[in-house]
There are 2 protein chains.
Amino acid sequence: MDTINRLTQIPIDSLHVDAIAVVTNLYRVAQGLKNKMEQEVLAEFGLSWTAFSMLYDLWIWESVETKKLALSSGVSKATVSNITKTLESKELCYRKTDNRDRRMTYVVLTDKGKQVMETLYPRFHKGEIEIVSSLSKDEQINMTKLLRQIIRDNQF
Amino acid sequence: MDTINRLTQIPIDSLHVDAIAVVTNLYRVAQGLKNKMEQEVLAEFGLSWTAFSMLYDLWIWESVETKKLALSSGVSKATVSNITKTLESKELCYRKTDNRDRRMTYVVLTDKGKQVMETLYPRFHKGEIEIVSSLSKDEQINMTKLLRQIIRDNQF
DNA sequence: TTAATATCGTTTCAAAGCTAACGATTTTGA
DNA sequence: TCAAAATCGTTAGCTTTGAAACGATATTAA
């Protein structure tokens with residue numbers, strides 16, 4: 001077969017249609033996920049998806065290094081700097097430089113931040129459940145397995 | 001069982017851990033995907049992920065209504081307006097108002113835009129393949145099936 | 001010891017992105 | 001027919017985002 005795709009000029013048998021489908025649909029779901037959550041849950045609290053994601057980390061770990069926040073949320077350290085500044089102005093967290101290594105900064109959750117998460121999280125979780133309720137429990141587990149495989153191999 | 005999660009105060013049997021895992025890992029992969037592509041492929045062409053996504057639509061359909069671009073990319077119409085403005089300044093596309101309904105605007109790919117896509121797309125596609133190569137062909141197909149299920153049920 | 005290198009977080013600047021308000025156009029309904 | 005409502009894309013004003021440059025601190029190497 002020497003059939004050539006009209007647009008890409010790539011031979012059809014070397015065009016990985018399945019790979020395209022995975023990437024396209026993956027991003028579409030993530031985008032929909034983010035938009036839905038921001039509009040239906042987070043807007044009321046004046047939080048962006050990333051801001052929530054950081055607050056969540058702080059909720060779990062109490063205090064987290066700036067660098068770890070960036071890695072965990074998949075954004076640049078500049079973004080972490082900006083967002084924690086916003087969160088700090090809302091008194092949801094504060095910054096604390098490490099005395100042992102004064103280059104490092106810890107971000108710490110305030111009591112107010114904790115209270116916000118306690119009322120916010122149940123609603124967020126409800127949204128999560130709604131979104132993936134299209135899948136059975138087994139399908140959810142399988143999906144997670146495949147996603148983790150991608151994360152591991154690409155070091156995301 | 002009346003065990004209560006320490007943080008959330010939600011009874012453990014009503015905390016849908018599988019749903020959390022799906023959402024978390026899904027977003028992480030999408031974010032990694034976007035970052036990798038923007039850094040390794042798109043940066044060289046001065047294009048963002050969304051800008052590329054729109055150019056791709058234009059490449060396939062030649063001309064697309066602004067509204068459809070927004071839906072397809074999952075961004076607001078204001079963003080489409082901004083990005084097409086940027087693309088227009090780079091002479092990769094131009095705008096054309098519909099004569100039948102003068103409220104509507106079509107975005108059309110220029111020859112230069114077409115040329116850019118012809119050299120850019122093969123590289124982008126290579127990146128796509130790399131990223132999902134962790135999965136077998138069957139796993140890719142299965143993943144797409146599950147993702148489409150979510151998209152359909154949530155109307156993403 | 002001290003100069004070079006590395007690491008960390010912030011700042012700067014530009015683009016991306018959203019909501020809301022707006023003007024222009026079309027459709028609807030009385 | 002013609003005012004009210006709906007629809008479309010842009011603009012205004014804002015936050016988010018990242019690359020690069022920057023200062024401060026720590027580590028390494030000679």
Side-chain angles (χ1 to χ4, degrees), chain A residues 27 30-32 34-55 63-71 73-90 92-108, chain B residues 27 30-32 34-40 42-55 63-90 92-108:
Chain A
Y27 196 78
Q31 189 77 357
K34 182 189 168 201
N35 287 343
K36 181 191 165 85
M37 288 306 204
E38 287 189 336
Q39 285 162 15
E40 297 182 6
V41 182
L42 302 176
E44 183 180 340
F45 294 80
L47 293 172
S48 66
W49 173 278
T50 309
F52 171 78
S53 151
M54 289 183 188
L55 275 186
S63 98
V64 181
E65 305 122 81
T66 297
K67 196 190 171 189
K68 270 198 181 177
L69 280 179
L71 251 97
S73 305
V75 296
S76 72
K77 52 187 184 169
T79 300
V80 173
S81 202
N82 284 326
I83 295 204
T84 51
K85 197 195 293 176
T86 305
L87 291 176
E88 205 171 20
S89 75
K90 293 180 181 172
L92 301 178
C93 70
Y94 63 91
R95 281 179 262 199
K96 187 172 160 56
T97 55
D98 187 356
N99 283 328
R100 300 182 185 176
D101 185 341
R102 300 178 51 74
R103 290 172 303 182
M104 290 189 1
T105 302
Y106 286 91
V107 186
V108 188
Chain B
Y27 196 78
Q31 190 76 356
K34 183 190 168 200
N35 287 342
K36 181 191 166 82
M37 288 306 203
E38 287 189 337
Q39 286 162 15
E40 297 182 6
L42 303 176
E44 183 180 338
F45 295 81
L47 293 172
S48 67
W49 172 277
T50 308
F52 171 78
S53 152
M54 290 182 187
L55 275 186
S63 97
V64 181
E65 304 121 82
T66 299
K67 196 189 171 189
K68 271 197 181 176
L69 280 179
L71 251 98
S72 162
S73 305
V75 296
S76 71
K77 51 187 185 169
T79 299
V80 173
S81 204
N82 283 330
I83 295 201
T84 52
K85 197 194 294 176
T86 305
L87 291 177
E88 206 171 17
S89 76
K90 292 180 182 171
L92 301 179
C93 69
Y94 63 91
R95 282 179 263 200
K96 186 172 162 56
T97 55
D98 187 355
N99 282 327
R100 300 182 185 178
D101 186 342
R102 300 179 50 74
R103 290 171 303 183
M104 293 191 357
T105 300
Y106 285 92
V107 186
V108 188

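Naming: A, B, ... by sequence-line order, numbering from 1 per chain.
Note that OG1 of A/T50 and CG of A/L69 are 11.0 Å apart. Values are rounded to the nearest 0.5 Å. Note that OG of B/S81 and CZ of B/R95 are 5.0 Å apart. Values are rounded to the nearest 0.5 Å. Rounding to the nearest 0.5 Å places CD of A/Q39 at 10.5 Å from NZ of A/K34. Taken from CD1 in A/I83 to OG1 in A/T66, the straight-line distance is 12.5 Å, to the nearest 0.5 Å. Atom OG of B/S48 is separated from atom CE of B/M54 by 8.0 Å, given to the nearest 0.5 angstrom. The CE atom of B/M104 sits 11.0 Å away from atom CG of B/N99, with the distance rounded to the nearest 0.5 Å.
For DNA chain C, the residues of residues 75-82 of chain B within the heavy-atom distance limit of 4.0 Å (strictly under) are B/V75, B/S76, B/A78, B/T79, B/N82, sorted by number. Of the residues in residues 65-73 of chain B, not one comes within less than 4.0 Å of DNA chain C through any heavy atom. Taken residue by residue, residues 43-54 of chain B places heavy atoms nearer than 4.0 Å to DNA chain C at B/S48, B/T50.
The minimum heavy-atom distance linking B/F45 with B/K90 is given by the pair O-NZ, 4.4 Å. Nearest approach of B/A51 to B/L47, heavy atoms of both residues: CB-CD2, 4.1 Å. Of all the heavy atoms in A/T84 and A/C93, the pair that sits closest is O-SG, 4.0 Å. Residue A/S63 comes nearest to A/V108 through the heavy atom pair CB-CG2, 3.8 Å, listed as atom of the first residue, atom of the second, then distance.
Read 5' to 3', the first and last nucleotides of DNA chain C with an atom closer than 4.0 Å to a heavy atom of chain A are C/dA6 to C/dT19.
Rounded to whole Å, atom C1' of D/dA6 lies 15 Å from atom CE of B/M104. Taking atom CD on B/Q39 and atom P on D/dT17, their separation rounds to 15 Å, with Å as the unit. The distance from atom CD of A/E88 to atom P of D/dT15 is 16 Å, rounded to the nearest whole Å. Atom CG of B/L87 is separated from atom P of D/dG9 by 16 Å (rounded to the nearest Å).
Within the 4.5 Å cutoff, the side chain of B/E88 has no heavy atoms near those of the B/V107 side chain.
For A/T105, there are no side-chain hydrogen bond (donor to acceptor under 3.5 Å, both in side chains) partners, not counting sequence neighbours. Not counting sequence neighbours, the partners of A/A78 by the side-chain contact (heavy atoms from CB on, under 4.5 Å) test are A/S76. Here A/Y27 pairs with B/W49 under the ring-ring contact (aromatic ring centres under 6.0 Å, His included) rule; sequence neighbours left out. Checked against ring-ring contact (aromatic ring centres under 6.0 Å, His included), A/F52 has the following partners two or more places apart in sequence or in another chain: A/F124.
Positionally, the nearest nucleotide of DNA chain C for A/T84 lies more toward the 5' end than for the other of A/T84 and A/Q31.
B/T97 comes within 4.0 angstrom of no nucleic acid atom, judged by non-hydrogen atoms across all strands.
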Candidate pair B/V80 and B/K67, rule side chain to side chain contact (heavy atoms under 4.5 Å, CB included), full reasoning: CA-CA 8 Å; B/V80 173; B/K67 196 189 171 189; over 6 Å; no

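Counting only residues at least two apart or on different chains, the salt bridge (charged side-chain N to carboxylate O under 4.0 Å, His left out) pairs with a member in residues 98-107 of chain B are B/D101-B/R103. For residues 71-82 of chain B, the set of pairs meeting the salt bridge (charged side-chain N to carboxylate O under 4.0 Å, His left out) definition, not counting sequence neighbours, is empty.
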Which atom pairs link the protein and nucleotides 26-29 of chain D when you take only N or O atoms and keep those under 3.5 Å?
{"residue": "D/dA26", "atom": "OP1", "partner": "A/R102", "partner atom": "N", "Å": "3.1"}
{"residue": "D/dA26", "atom": "O4'", "partner": "A/R103", "partner atom": "NE", "Å": "3.4"}

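For B/K85 and D/dT11, the shortest distance from a side-chain N or O to OP1 or OP2 is below 4.0 Å.
Overall bending of the helix from C/dT1-D/dA30 to C/dA30-D/dT1, expressed as the angle between end axes built from five pairs apiece, is 10° (10° steps).
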